[in-house]
Amino acid sequence: MRAGPQQAGDLLAAVREQSARGRHLAAFFGSMYYAAARPAEVIGLRLSDCGLPRRGWGVLRLDETRPRSGSAWTDSGGAHESEGSSTGPQGRAPRPDSA
């Protein structure tokens with residue numbers, strides 16, 4: 001079952017108020033809900049990937065995914081491995097999503 005817009009808004013507002021990281025987590029979960037993005041795609045987002053107007057819908061460029069592999073399994077020794085998005089072949093324009 002998927003949350004409707006009112007319920008999602010209420011949930012995000014509650015998350016925002018939970019802790020010092022609430023705003024960060026609300027943005028994370030909000031991106032997943034409104035753009036139907038995977039967690040690894042949201043982790044790969046940078047401010048430069050976001051076209052966010054003051055009002056109305058914006059655009060997120062989901063062109064990188066950062067799945068958590070664990071530091072023992074990555075070439076860099078970091079917890080996340082950087083990859084292109086799985087939404088299309090490499091070299092193709094990234095998938096824009098409404099946000």
Side-chain angles (χ1 to χ4, degrees):
M1 182 168 148
R2 183 174 179 202
Q6 179 65 46
Q7 186 178 20
D10 292 346
L11 290 168
L12 292 172
V15 166
R16 195 175 296 113
E17 302 300 321
Q18 290 301 307
S19 69
R21 291 187 45 94
R23 287 181 51 174
H24 174 85
L25 292 171
F28 178 79
F29 291 122
S31 296
M32 288 175 55
Y33 176 79
Y34 291 110
R38 299 175 190 102
E41 290 173 321
V42 176
I43 291 170
L45 277 175
R46 300 292 173 257
L47 188 56
S48 61
D49 299 329
C50 305
L52 304 172
R54 283 215 158 304
R55 299 178 73 69
W57 291 93
V59 174
L60 301 178
R61 294 179 52 86
L62 303 174
D63 59 353
E64 180 181 355
T65 182
R66 296 186 49 90
R68 181 172 175 82
S69 305
S71 58
W73 302 100
T74 62
D75 293 333
S76 66
H80 296 278
E81 189 89 309
S82 180
E83 300 174 357
S85 177
S86 64
T87 59
Q90 294 290 23
R92 201 168 110 193
R95 177 182 106 190
D97 279 298
S98 296

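By convention here, the first residue in the shown sequence is residue 1.
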Query raised in the report: Is the closest side-chain heavy-atom distance between Asp49 and Leu62 below 4.5 Å?
Result: no
Query raised in the report: Is there a donor-acceptor contact under 3.5 Å from the side chain of Tyr33 to the main chain of Leu12?
Result: no
Report task. Apply side-chain contact (heavy atoms from CB on, under 4.5 Å) to Arg54 and list each qualifying residue two or more places apart in sequence or on a separate chain. Result -> none
Could you pull out all donor-acceptor pairs under 3.5 Å where a side-chain atom in residues 20-31 meets a protein atom, sequence neighbours excluded?
unit_1, atom_1, unit_2, atom_2, d
Arg21, NH2, His24, NE2, 3.3
Ser31, OG, Ala27, O, 2.9

**Report entry** Co-membership, hydrophobic cluster, residues Leu11 and Tyr34, 4.5 Å side-chain
**Finding:** no
**Report entry** Heavy-atom closest pair, residues Pro53 and Gly56
**Finding:** CG-O, 4.0 Å
Report summary line: In terms of heavy-atom contacts, Met32 and Val42 come closest through CG-CG2, 3.7 Å
Requested in this report: Hey, could you give me each pair passing side chain to side chain donor-acceptor pair (under 3.5 Å) that has a residue in residues 4-13? Not counting sequence neighbours.
Outcome: Gln6-Asp10
